[in-house]
Amino acid sequence: MKILLVNTSDHKGGAAIAAMRLLEALRKNGQEATLLCRDKGTGGEGVVGLPESRRQQLRFIAERAEIFAANGFSRKNLFAIDTAAHGTDITRLPLFKEADVIHLHWINQAMLSLGDLKKIFNSGKKVVWTLHDMWPVTGICHHAQTCDRWLADCGNCRLLKRPSPHDISYRIFHKKQKIYAAARNLTFVGCSRWLTDLARRSPLTAGHEVCNISNPIFPIPSIQISTPRSLQQPLARH
């Protein structure tokens, strides 16, 4: 089986670390797995970077500029939201055409656009999307915090300087909803029970399987850590 993992980076952020660990595990178990990323910073086996070009930089700059303008020219929350307005059509690449399964991870900051996602979903290939934050199931935010508007259709986004009922969060939410609804063979995977439960509540995942495969935490026996008394309470179950 040929598996194509997709993540914006192979070394920056928790999603990159998780994707790299999965890549290594798959390859060790005899699977023909490759990680495709925009920002390649390692020489890891099986990692392929998108061809470097001025267009890659311009896409990133253009997307940030559009968010900056939509937010009333305020830098506040500039990287707390994403619109997926720009990206690269990876469906043209031989790696994509040869793959049996497409495994999406964190694809923001001009790695993939909503239009690119639509082409991926319409390719007929099995698509698995591991959620490393809430962005795939909200309008534009990576973490909704106390806001629950993503349970309906967003709008009046608190992260915008000038929120309105039909602001950019509302428009992106409905674009996602249309694209997801037409998708076939799409499965969402939460990397924690908490995130999986949130994803199941989103209207955007309606009609698609949402399952949980939690990130493993390995104990380190050689290190002893004393827990402060203030934290010596039973942890709430998610």
Side-chain angles (χ1 to χ4, degrees), residues 4-10 12-13 15-16 19 34-40 48-71 77-97 99 102-142 150 153-154 157 159-160 166-188 199 202 204-205 208:
L4 180 62
L5 290 77
V6 183
N7 197 70
T8 300
S9 172
D10 67 343
K12 296 179 181 177
T34 304
L35 172 61
L36 177 66
C37 59
R38 187 196 65 195
D39 302 332
K40 182 181 177 183
V48 177
L50 290 175
E52 293 187 12
S53 68
R54 184 63 176 168
R55 289 184 178 180
Q56 297 288 350
Q57 297 177 342
L58 292 177
R59 290 186 185 110
F60 173 79
I61 294 172
E63 188 167 278
R64 290 306 111 184
E66 290 167 9
I67 292 173
F68 181 58
N71 197 24
N77 298 320
L78 184 60
F79 287 93
I81 61 179
D82 267 292
T83 58
H86 299 274
T88 299
D89 179 11
I90 66 172
T91 62
R92 300 179 180 182
L93 301 177
L95 277 174
F96 183 92
K97 294 177 180 180
I102 308 301
H103 189 169
L104 304 177
H105 287 266
W106 200 87
I107 48 77
N108 297 115
Q109 296 187 7
M111 173 65 190
L112 297 179
S113 68
L114 292 180
D116 298 328
L117 287 174
K118 182 178 180 180
K119 291 178 181 179
I120 291 171
F121 297 155
N122 291 344
S123 69
K125 296 181 182 292
K126 176 66 179 178
V127 181
V128 177
W129 196 347
T130 291
L131 314 182
H132 295 278
D133 60 29
M134 291 182 67
W135 187 85
V137 297
T138 68
I140 58 175
C141 71
H142 292 281
W150 59 276
D153 55 7
C154 287
C157 181
L159 297 179
L160 299 176
H166 291 167
D167 59 27
I168 193 171
S169 70
Y170 173 90
R171 297 195 298 273
I172 297 299
F173 186 98
H174 282 271
K175 285 182 180 180
K176 286 183 179 180
Q177 193 167 41
K178 185 176 181 180
I179 292 171
Y180 292 8
R184 298 293 182 268
N185 298 321
L186 172 61
T187 299
F188 293 95
S202 172
L204 297 180
T205 63
H208 299 293

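Side chains included, hydrogens not; waters and symmetry mates left out as well; all remaining heavy atoms used.
For the pair Glu66 and His86, the tightest heavy-atom approach, listed with the atom from each and the gap, is OE2-NE2, 2.9 Å. Considering all non-hydrogen atoms of both residues, Gln56 and Thr88 come closest at NE2-OG1, 3.3 Å. Counting all heavy atoms, side chain and backbone alike, Met111 lies closest to Asp116 at O-OD2, 4.4 Å. The heavy-atom pair separating Phe173 from Trp150 by the smallest distance is CE1-O, 3.5 Å.
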- request: Might you work through the side-chain contact (heavy atoms from CB on, under 4.5 Å) test for Phe79 and Gln109, ending with a clear yes or no?
  value: CA-CA 9 Å; Phe79 287 93; Gln109 296 187 7; 3.6 Å; yes

- request: Show your working on side chain to side chain donor-acceptor pair (under 3.5 Å) between Lys126 and Thr187 and close with a plain yes or no.
  value: CA-CA 8 Å; Lys126 176 66 179 178; Thr187 299; 2.8 Å; yes

query: Stepwise, does the side-chain contact (heavy atoms from CB on, under 4.5 Å) test hold for Ile168 with Leu160?
result: CA-CA 9 Å; Ile168 193 171; Leu160 299 176; 3.7 Å; yes

- prompt: How far apart are the C-alpha atoms of Glu63 and Thr83, what are their side-chain angles, what is the distance that settles it, and do they pass the side-chain contact (heavy atoms from CB on, under 4.5 Å) test?
  reply: CA-CA 8 Å; Glu63 188 167 278; Thr83 58; 3.7 Å; yes

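Arg64 has a carboxylate O that lies under 4.0 Å from a charged side-chain N of Asp82, or vice versa, which qualifies the two as a salt bridge.
Atom CH2 of Trp135 is separated from atom CD1 of Ile172 by 8.0 Å, given to the nearest 0.5 angstrom. In this structure, the separation between CD1 on Ile81 and CD1 on Ile67 is 5.0 Å, given to the nearest 0.5 Å. Interatomic distance, CZ of Phe96 versus OG1 of Thr34, reported as 13.5 Å (0.5 Å rounding). Here the CG-CG distance, from Leu5 to Asp10, works out to 12.0 Å after rounding to the nearest 0.5 Å. The line from OG1 of Thr91 to CG of Leu117 is 11.0 Å long, rounded to the nearest 0.5 Å. The CZ atom of Phe68 sits 8.5 Å away from atom CG of Asn71, with the distance rounded to the nearest 0.5 Å.
Relative ring orientation between His208 and Phe188 is described as perpendicular, the plane-to-plane angle rising above 60° on a 0-90° scale split at 30° and 60°.
Within the 4.5 Å cutoff, the side chain of Leu50 has heavy atoms near those of the Leu93 side chain. Taking 4.5 Å as the limit, some side-chain heavy atom of Ile120 sits within range of a side-chain heavy atom of Leu112.
Evaluation of the side chain to side chain donor-acceptor pair (under 3.5 Å) test over residues 169-183, restricted to residues two or more places apart or in two chains, returns Asp167-Ser169.
For the pair Arg59 (side chain) and Gly87 (backbone), a donor-acceptor distance under 3.5 Å is present.
Shown here is Lys40, whose NZ atom has more than 12 heavy atoms of other residues, nucleotides or ligands within 6.0 Å.
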